[in-house]
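Single-structure report; data block below.
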Protein chains: 2
Amino acid sequence: MQIEKIIEEKNLKLTTARKELLGIFVASSKPLCFEDIKSKLNMDKATFYRNVSKFESEAILNSFESNDKKRYYEINESAHAHFVCNRCNQIECLKEKLDYKLRGYIIADVIFKGVCKQCNQMSL
Amino acid sequence: MQIEKIIEEKNLKLTTARKELLGIFVASSKPLCFEDIKSKLNMDKATFYRNVSKFESEAILNSFESNDKKRYYEINESAHAHFVCNRCNQIECLKEKLDYKLRGYIIADVIFKGVCKQCNQMSL
DNA sequence: CTCTTAAATGCAACTTAGTCGCATTTACTT
DNA sequence: AAGTAAATGCGACTAAGTTGCATTTAAGAG
Ligand SMILES: [Mn+2]
Ligand SMILES: [Mn+2]
Ligand SMILES: [Zn+2]
Ligand SMILES: [Zn+2]
C-alpha cells in the first residue's frame with residue numbers, strides 16, 4: 001500500500017488517523033473539504049485540520065478556498081486549474097495543464113469561477 | 001455626483017450609508033473587504049453586508065473570496081482577472097482582459113494564486 | 001519485548017467573518 | 001405633513017477553523 005510509503009517518506013509518524021485521511025484523498029477525484037468527509041472520518045476535526053496542514057506543508061496535499069468559505073484539499077500531483085460554479089458550488093478539476101505566464105509572478109493555481117456545464121444547461 | 005445616479009438608476013433608496021459605501025468603492029483601485037474599511041465606515045457591519053449584497057445583486061459590485069476567508073468587493077465594470085498572493089495575501093487587479101474560453105461553461109472570473117512580484121523579489 | 005519520550009489525538013473552549021430577528025429610524029409617496 | 005415600506009443598529013447567533021491541555025500512541029533504544 002503506497003499510502004503508508006507517502007507518509008513515511010516525509011518522516012511523519014504513521015498514525016491510524018493519517019492513513020485513513022490520506023486514503024480518502026488518494027481515492028478522491030476531486031478536492032474535498034472537512035464537511036465533505038466528516039461523516040466517514042473516525043477522528044476529531046482538530047485532528048483533520050492539523051493533519052491536512054501538515055500534509056500541505058510536506059507538499060502531499062495542496063488546498064484552496066472556494067466560494068463557500070470552505071477550504072478544499074487534494075493530492076498534490078499534476079498542476080491543473082479548477083472551475084468553481086457560482087450556482088451549485090461544485091468544484092471541477094480541469095484537464096488543462098497550467099501554462100499561464102505572468103512576468104514576475106509565480107502562478108501556483110488558477111481558479112475559474114462562473115457557471116458550470118450542468119447549471120448552464122438547466123437555465124436554457 | 002454620479003454615485004447618487006448609480007444608486008437611483010437601480011431604484012434603490014438613496015440612504016447616507018449607501019452613498020458613503022459606494023463612494024469608497026468608486027474611489028478604490030482594488031477590491032475591498034469589510035475589514036479593510038470598517039474604521040472609515042459610519043455604519044454597522046450588518047448594514048455593510050446587506051448593502052454590498054444588494055449592490056451585487058444589482059450588478060453594481062462583484063465579489064470573490066480570497067485566500068484569507070474574507071469576501072472582497074469591487075465596482076463591476078471591466079471584466080478582469082485577479083492575482084492573489086499566497087504569501088502576503090495582497091490582491092491585484094490584472095490589466096489583461098478575460099478572453100479565456102471553456103466549452104459549455106460561463107467564465108465570470110479568473111483568479112490566479114501564487115507569489116506576487118514583491119514577495120517573489122524578496123525571496124531572491 | 002519493555003521502557004522512554006516526543007509527537008499525535010480528543011475534547012472543550014475559543015476566534016472570526018458573516019447572518020438574522022427585531023425594535024427603531026429614515027427615505028420616498030401622496 | 002402623514003403614512004408606509006424599506007433600511008438601519010444592535011445584540012444574539014452560526015459555522016469554519018484554531019488552540020490549550022490532559023491523555024494516548026508510535027517509534028526507537030536498550
Ligand atoms: Mn484538482
Ligand atoms: Mn479587480
Ligand atoms: Zn453549477
Ligand atoms: Zn505577495
Side-chain angles (χ1 to χ4, degrees), chain A residues 1 3-25 31-58 60-73 84 86 89 91, chain B residues 1 3-24 31-58 60-74 84 86 89 91:
Chain A
M1 176 155 270
I3 287 164
E4 312 198 349
K5 228 178 83 186
I6 296 170
I7 296 171
E8 286 175 330
E9 272 173 1
K10 303 291 184 178
N11 293 314
L12 300 179
K13 262 190 174 179
L14 189 61
T15 65
T16 50
R18 285 183 181 156
K19 284 184 271 186
E20 185 194 349
L21 194 52
L22 193 53
I24 289 172
F25 283 110
L32 301 168
C33 66
F34 175 67
E35 181 77 19
D36 288 336
I37 55 175
K38 66 176 177 190
S39 64
K40 291 182 211 150
L41 290 177
N42 291 308
M43 72 193 70
D44 190 72
K45 65 177 173 170
T47 303
F48 169 90
Y49 285 113
R50 283 190 281 232
N51 276 321
V52 289
S53 292
K54 183 140 277 189
F55 287 159
E56 193 167 13
S57 68
E58 297 291 346
I60 296 172
L61 296 181
N62 62 61
S63 74
F64 61 92
E65 305 212 352
S66 184
N67 247 341
D68 55 5
K69 306 219 166 304
K70 294 179 196 154
R71 188 148 206 115
Y72 287 78
Y73 301 86
V84 177
N86 290 331
N89 279 331
I91 297 172
Chain B
M1 176 155 269
I3 286 165
E4 312 200 346
K5 227 177 86 187
I6 296 170
I7 297 171
E8 286 176 329
E9 271 173 1
K10 302 292 184 178
N11 293 314
L12 299 177
K13 262 189 173 181
L14 189 63
T15 66
T16 51
R18 285 184 180 154
K19 283 183 272 186
E20 184 193 351
L21 194 53
L22 193 53
I24 289 171
L32 301 168
C33 67
F34 175 65
E35 182 76 19
D36 289 335
I37 56 175
K38 67 177 175 189
S39 64
K40 289 183 215 154
L41 289 176
N42 291 308
M43 74 192 69
D44 189 74
K45 66 176 172 172
T47 303
F48 170 90
Y49 284 113
R50 284 188 283 232
N51 276 321
V52 290
S53 292
K54 182 139 280 185
F55 286 159
E56 193 168 12
S57 67
E58 297 291 346
I60 296 172
L61 296 180
N62 61 63
S63 75
F64 61 93
E65 305 211 354
S66 185
N67 249 341
D68 56 2
K69 305 220 167 307
K70 293 179 198 157
R71 188 146 205 115
Y72 287 77
Y73 301 86
E74 68 178 345
V84 176
N86 291 331
N89 280 332
I91 298 171

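In what follows, chains are A, B, ... by sequence order, proteins preceding strands, each numbered from 1.
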| task | Please check the phosphate of D/dA16 (OP1 and OP2 only) for any side-chain N or O of A/Arg71 closer than 4.0 Å. | result |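 Checking A/Arg71 against D/dA16: no side-chain N or O falls below 4.0 Å of OP1 or OP2.
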| D/dT8 phosphate, OP1 or OP2: any side-chain N/O from B/Asn51 under 4.0 angstrom? |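 It does, given that an N or O in the side chain of B/Asn51 lies less than 4.0 Å from OP1 or OP2 of D/dT8.
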Between [atom2] of [N] and [atom1] of [X], the distance in whole Å:
{"X": "A/Tyr72", "N": "D/dA16", "atom1": "OH", "atom2": "P", "result": "10 Å"}
{"X": "A/Leu14", "N": "D/dA26", "atom1": "CG", "atom2": "P", "result": "9 Å"}
{"X": "B/Lys13", "N": "D/dT8", "atom1": "NZ", "atom2": "C1'", "result": "10 Å"}
{"X": "B/Glu65", "N": "C/dT16", "atom1": "CD", "atom2": "C1'", "result": "14 Å"}
{"X": "A/Lys19", "N": "D/dA26", "atom1": "NZ", "atom2": "P", "result": "8 Å"}
{"X": "A/Tyr49", "N": "C/dC11", "atom1": "OH", "atom2": "P", "result": "17 Å"}
{"X": "B/Phe55", "N": "D/dA7", "atom1": "CZ", "atom2": "P", "result": "10 Å"}
{"X": "B/Leu12", "N": "C/dC28", "atom1": "CG", "atom2": "C1'", "result": "13 Å"}

| field | Geometric class of the A/Tyr73/A/Phe48 ring pair [parallel <30°, tilted 30-60°, perpendicular >60°] | value |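 Plane angle over 60°, so perpendicular.
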| field | Nearest-nucleotide comparison on DNA chain D, the residue closer to the 5′ end among B/Lys54 and A/Thr15 | value |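 Checking each residue's closest nucleotide, the 5'-ward one belongs to B/Lys54.
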| query | When we call it a touch if two heavy atoms are under 4.0 Å apart, what does B/Lys70 touch: a base, just sugar-phosphate, or nothing? | reply |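 Sugar-phosphate, no base atom in range.
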| task | Examine the base of C/dG10 for any acceptor or donor lying under 3.5 Å from a partner atom in the side chain of A/Arg50, and report the outcome as yes or no. | result |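 Per atom types, the contact qualifies.
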Flag side-chain contact, heavy atom, 4.5 Å: [X] against [Y]:
{"X": "B/Phe64", "Y": "B/Ile91", "answer": "yes"}
{"X": "B/Leu21", "Y": "B/Ile37", "answer": "yes"}
{"X": "A/Val52", "Y": "A/Ser63", "answer": "no"}
{"X": "B/Leu41", "Y": "B/Ile24", "answer": "yes"}
{"X": "A/Lys38", "Y": "A/Lys45", "answer": "no"}
{"X": "A/Lys69", "Y": "B/Arg71", "answer": "yes"}

| said: For A/Asn51 versus A/Ala17, what's the shortest heavy-atom pair and its separation? | reply: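 Where A/Asn51 meets A/Ala17 most closely, the heavy atoms are ND2-CB, 4.2 Å.
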| request: Taking all non-hydrogen atoms of both residues into account, name the closest pair between A/Gly23 and A/Ile3 and its distance. | output: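 Result for this residue pair: CA-CD1, 3.3 Å.
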| Mapping B/Glu8 and B/Lys69 onto DNA chain C by nearest heavy atom, which one lands closer to the 5' end? |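 Taking each residue's closest nucleotide, the earlier one in sequence belongs to B/Lys69.
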| task | Kindly state which residues belonging to residues 37-48 of chain A come within less than 4.0 angstrom of DNA chain C, counting heavy atoms of the residue only, listed by number. | result |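 Those residues whose heavy atoms fall under 4.0 Å from DNA chain C, taken from residues 37-48 of chain A in numerical order, are A/Asn42, A/Met43, A/Asp44, A/Ala46, A/Thr47.
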| message | So for the helix from C/dC1-D/dG30 to C/dT30-D/dA1, with five pairs setting each end axis, what is the inter-axis angle to 10°? | response |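 Computed from the C1' atoms at both ends, the axes differ by 30°.
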